[in-house]
Amino acid sequence: MAPLAKRSSAREKKSLVRRSAPDRSQPIRHLVQWLFVALNLWIGLQFLLWARYFEHGETGLYVSRPSGVEGWLPIAGLMNTKYLLLTGRVPTIHPAAMYLFLGFVLTSLLMKKAFCSWLCPVGTISENLWKLGRFAVGRSFRLPRWLDVALRSLKYLLLSLFVLVIGSMSAEMLAGFMSTPYGIIADVKMLDFFRNPRLTGAIVMALLVLFSLLIRNFWCRYLCPYGALLGLASLLSPLKIRRDAQACIDCGKCSRACPAQLPVDRLVQVRSVECSACLACVASCPAENALQFALPPRRSAAPTLRWYRRVVGPIALTGILAYIFFGIILWARVTGHWQTNIPREVYARLVPHANQVSHPGL
Ligand code: SF4
Ligand code: SF4
């Protein structure tokens, strides 16, 4: 956390404050979130049709397998990234998982965990669940600090587990794992988890929904190892929420708006791994130029133009996200590394029997 900024007289400043222009960041962010949900639903539908074609003995409509589905395989993305680093070669199975994984890490290195609050469909569902819960019961609940801190360590424990296991694997082991039936149809196994949940899985999902209704971003805050990794990468982000103590009127609205429960009104910059660049704090701030998502050093003497901060800023963030996301996909397509290279007859053999395929380590 950054050092606490010295407060001036709130009343004195309130009388002098210049009201900020209406903020556009949240409608833009919500639009991007739902467009990304729609994109994922489209990819999911294509993938479902593709899987059913093989499940029905290669009859009916054939839809080609959408590589974007590999965005749901972050562990494959991590494994393939290590394979690339060790061998210098792009893996042939689930390469899109690696490209998307690297793209999302890159966004975190540049603009905090913007992936979590702007793109991730699970983040969008989490956010809407706690808003729905707040609407239903009139409030969101906060866990006691000791429990909050203890639970927040869970996502790092999960991340450590994956990093330790994958870190101990050689290039041959990584390639060997990906070539197993489980590695090849890991995406179908993921689909089956949602399509045909087992009792344990269904109970866990129901509990997650319940907790997500009552506690802000329950999954993201406590359990998501992907978010944990992106949060660590985000520590290097030059773009951060920055507060100008001179312009701030100490109203505390930013802290109350923050879904990550960060004390924004007491910081000069938000370094926390929990900040997801959602800009809810900026949107809630009534004082002109008191709070910005900006590069260092913040030039208090030359405040950013209102139209830039309120309109172009969020659009620029959206543009950079889109540029990285689609740029990486384009690069992978142009270089011929986007598609998984598995013969159709292999899928015809494995997909109908996906429920009999188990993890090679079990
Ligand atoms: S500090 Fe601001 S941008 Fe970061 S999570 Fe909180 S509200 Fe969102
Ligand atoms: S919302 Fe936060 S940064 Fe803006 S004036 Fe109030 S306390 Fe200061």
Side-chain angles (χ1 to χ4, degrees), residues 1-2 4-26 28-30 32-33 107-108 110-120 123-124 126-127 130-131 140 142 148 152 215-218 220-222 224 227-228 230-231 233-235 237-295 298 300 303-304 306 309-310 313-314 316-318 321:
M1 294 268 171
L4 298 184
K6 193 178 176 184
R7 289 171 181 252
S8 321
S9 159
R11 190 176 300 168
E12 185 183 303
K13 281 202 266 182
K14 269 180 191 164
S15 64
L16 297 172
V17 70
R18 189 175 165 193
R19 309 298 295 184
S20 59
D23 184 272
R24 303 279 178 262
S25 65
Q26 297 313 289
I28 293 172
R29 185 172 71 85
H30 294 143
V32 173
Q33 280 183 312
T107 61
S108 301
L110 294 176
M111 53 182 82
K112 302 293 291 177
K113 288 196 300 179
F115 167 75
C116 300
S117 64
W118 287 72
L119 299 182
C120 178
T124 302
S126 282
E127 181 179 338
W130 71 254
K131 285 180 177 171
S140 295
R142 278 191 181 205
D148 177 62
R152 267 194 278 159
I215 298 167
R216 287 185 182 191
N217 293 337
F218 181 82
C220 310
R221 187 172 180 82
Y222 299 122
C224 180
L230 298 183
S234 79
L235 288 171
S237 166
L239 279 165
K240 286 182 175 57
I241 296 291
R242 299 177 194 279
R243 188 177 68 96
D244 181 346
Q246 295 305 313
C248 172
I249 56 168
D250 301 320
C251 65
K253 287 186 176 176
C254 48
S255 297
R256 289 195 291 278
C258 178
Q261 302 169 25
L262 296 169
V264 187
D265 63 330
R266 285 183 279 133
L267 303 171
V268 288
Q269 61 177 334
V270 178
R271 292 197 186 124
S272 170
V273 290
E274 301 296 339
C275 175
S276 61
C278 68
L279 307 186
C281 53
V282 179
S284 69
C285 179
E288 183 69 18
N289 287 322
L291 208 57
Q292 299 186 55
F293 189 55
L295 291 166
R298 191 181 173 287
S300 303
T304 313
R306 299 171 93 192
R309 183 162 75 96
R310 293 294 170 176
L317 195 147
T318 310
L321 278 174

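Counting starts at 1 for both ligands and their atoms, in listed order. Reckoned from all heavy atoms, side chains included, excluding hydrogens, waters and symmetry mates.
Between the side chain of Q26 and the backbone N or O of C278 there is at least one donor-acceptor pair closer than 3.5 Å. Put simply, the side chain of S237 gets close to the backbone of K112: a donor and an acceptor are under 3.5 Å apart. In terms of modelled atom types and a separation under 3.5 Å, the side chain of S276 and the main chain of A114 share no donor-acceptor contact.
Residues meeting the salt bridge (charged side-chain N to carboxylate O under 4.0 Å, His left out) test with R216, sequence neighbours left out: none. Considering only residues two or more places apart in sequence or on other chains, F218 meets the ring pair (Phe, Tyr, Trp, His ring centres under 6.0 Å) condition with F211, Y222. The side chain to side chain donor-acceptor pair (under 3.5 Å) search around R256 returns none, not counting sequence neighbours.
Counting protein heavy atoms only, atom 8 (Fe) of ligand 1 is closest to C278 SG, 2.3 Å. Protein heavy atom in closest approach to atom 4 (Fe) of ligand 1: C275 SG, 2.4 Å. Atom 5 (S) of ligand 1 has its closest protein heavy atom at S276 N, 3.5 Å. In terms of protein heavy atoms, atom 6 (Fe) of ligand 1 is closest to C258 SG, 2.3 Å.
Listing protein N, O or S atoms at distances below 2.8 Å from atom 2 (Fe) of ligand 2, with waters left out, gives C254 SG.
Scanning both residues, P286 and I249, for their nearest heavy atoms gives CG-CD1, 4.0 Å. Scanning both residues, W118 and S25, for their nearest heavy atoms gives CH2-O, 4.3 Å.
Only the backbone of L279 comes within 4.0 Å of ligand 1, counting heavy atoms alone; no side-chain atom from C-beta on gets that close. Only the backbone of A277 comes within contact range of ligand 1, with a heavy atom under 4.0 Å; no side-chain atom does.
Separation of atoms CG (L291) and CD (Q269) is listed at 12.0 Å; rounding is to 0.5 Å.
Counting atoms of ligand 1 from 1 in the listed order, those under 4.0 Å from a heavy atom of P259 are 7 (S). Close approach of ligand 2 to P286 is summarised as follows: ligand atoms under 4.0 Å from at least one heavy atom of the residue are 1 (S).
Side-chain contact between V282 and Q292 is absent, with no heavy atoms from C-beta onward closer than 4.5 Å.
Not close to ligand 2: A257, with no non-hydrogen atom less than 4.0 angstrom away.
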